[in-house]
Amino acid sequence: MAATAKTDPESIKSEEAPAAPPCRSNYSSVDVALRGLLFAASVTAVVVMVTAKQTEIVPVPGLPIKVPLEAKFSDSPAFVYFISALSVAGLYGILTALASISIISKPAHATRYLLHFALWDVLMLGIVASATGAAGGVAYIGLKGNSHVGWGKVCNVYDKFCQHVGSSIAVALFASVLLVLLTMLSVFSIYRKIPK
């Protein structure tokens with residue numbers, strides 16, 4: 001008859017694998033990185049749009065002369081709004097990146113900051129998306145024209161100007177996507193803090 005081993009609950013616990021450390025995701029570093037990217041994308045979009053300037057010799061309708069005519073971003077209120085909105089988004093990106101860094105060092109008020117970040121991120125998303133849409137609409141008219149109302153396309157004449165505008169709008173669209181990700185990250189971080 002085989003001897004049965006005495007099982008002591010304490011000896012079983014000591015023989016089990018050590019408990020895994022609690023899973024601690026590093027949302028703060030992702031948040032700082034996304035906010036830094038938001039700053040970089042916003043500044044890039046502003047610089048590319050501000051440097052969108054081109055002068056071409058164009059014929060005057062009804063007259064047999066040609067005159068130099070300049071295309072620049074300040075000729076369109078939608079582009080001016082775009083510059084203003086993306087400038088504010090760039091400032092917001094750097095300020096909130098610095099605030100996120102301070103949260104990493106002092107996490108006591110993290111939940112309150114996360115709620116503010118979520119609200120302000122949604123507001124900035126609305127501003128950047130509306131500015132990108134307005135500039136995109138004007139750029140599309142410049143690219144394709146509108147024969148129904150007699151607006152001719154201008155990108156066949158001002159090709160470099162239109163390339164700058166299109167590139168700037170593409171970078172601003174990337175900034176909008178970053179703001180969507182930031183909003184989702186902030187809301188998810190708040191959700192994780194809710195006691196279950």
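Numbers here are sequence positions counted from 1.
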(request) Using modelled atom types only, decide if a donor and an acceptor are shared between the side chain of Ser102 and the backbone of Ala99 within a distance under 3.5 Å. (result) yes

(request) List for me each residue that meets side-chain hydrogen bond (donor to acceptor under 3.5 Å, both in side chains) alongside Glu56, sequence neighbours excluded, and say none if there are none. (result) Gln54

(message) Test side chain to side chain contact (heavy atoms under 4.5 Å, CB included) on Ser76 and Phe82; report intermediate values, then the result.
(response) CA-CA 10 Å; Ser76 169; Phe82 178 85; over 6 Å; no

(message) So which atom in Pro68 and which in Thr55 form the shortest heavy-atom distance, rounded to 0.1 Å?
(response) CB-CG2, 4.1 Å

(message) Would you compute the distance between atom OG of Ser42 and atom CG of Leu38 and round it to the nearest 0.5 angstrom?
(response) 4.5 Å

(message) For Tyr140, I'd like to know if atom OH has over 12 heavy atoms of other residues, nucleotides or ligands within 6.0 Å.
(response) no

(message) Nearest 0.5 Å, please: how far is CG in Leu91 from CE in Met124?
(response) 8.5 Å

(message) Nearest 0.5 angstrom please: Leu114 CG to Leu185 CG, how far?
(response) 8.0 Å

(request) Report the residues that fulfil ring pair (Phe, Tyr, Trp, His ring centres under 6.0 Å) with Phe188, sequence neighbours left out, ordered by chain and then residue number. (result) Tyr27

(message) According to a hydrophobic-cluster definition based on side-chain heavy atoms being under 4.5 Å apart (Ile, Leu, Val, Met, Phe, Trp, Tyr only), do Val171 and Val177 belong together?
(response) no

(request) Over all heavy atoms of both residues, which pair between Val128 and Ala172 is shortest? Give the atoms and the distance, please. (result) CG1-O, 4.0 Å

(request) Look at the rings of Tyr113 and His116 and say which category their plane angle falls in: under 30° parallel, 30 to 60° tilted, over 60° perpendicular. (result) perpendicular

(request) Begin from the C-alpha positions of Phe39 and Thr96 and carry the test side chain to side chain contact (heavy atoms under 4.5 Å, CB included) through to its verdict. (result) CA-CA 10 Å; Phe39 170 72; Thr96 56; over 6 Å; no

(message) To the closest 0.5 Å, what do you measure between OG (Ser189) and CG (Leu182)?
(response) 10.5 Å

(request) Take Thr44 and Phe174 through the side chain to side chain contact (heavy atoms under 4.5 Å, CB included) test and state the conclusion after the steps. (result) CA-CA 11 Å; Thr44 302; Phe174 175 67; over 6 Å; no

(request) Take Val60 and Lys66, measure what side chain to side chain contact (heavy atoms under 4.5 Å, CB included) needs, and give me the verdict at the end. (result) CA-CA 6 Å; Val60 177; Lys66 292 184 178 186; over 6 Å; no

(request) With rounding to the nearest 0.5 Å, note down the distance linking CG in Leu34 to OG in Ser186. (result) 9.5 Å

(request) Can you see which heavy atom on Tyr92 is nearest to which on Phe117, and at what distance? (result) OH-O, 3.7 Å

(message) Check whether Tyr158 reaches the backbone of Lys72 with its side chain - one donor and one acceptor, N or O, closer than 3.5 Å.
(response) no

(request) Looking only at non-hydrogen atoms, find the nearest pair between Leu178 and Ala41 and report the distance. (result) CD1-CB, 4.4 Å

(message) Can you pull out every disulfide (SG to SG under 2.5 Å) where at least one residue sits in residues 59-156? Sequence neighbours excluded, please.
(response) Cys155-Cys162

(request) Determine the minimum heavy-atom distance between Ala97 and Gly36, stating which atoms define it. (result) CB-N, 4.4 Å

(message) Would you compute the distance between atom CG of Asp31 and atom CG of Leu181 and round it to the nearest 0.5 angstrom?
(response) 11.0 Å

(message) Tell me whether Asp75 is salt-bridged to Lys53, with the criterion being a basic N under 4.0 Å from an acidic carboxylate O.
(response) no

(request) Please report the shortest heavy-atom distance between Val46 and Ile83, naming the atom on each side. (result) O-CD1, 3.8 Å

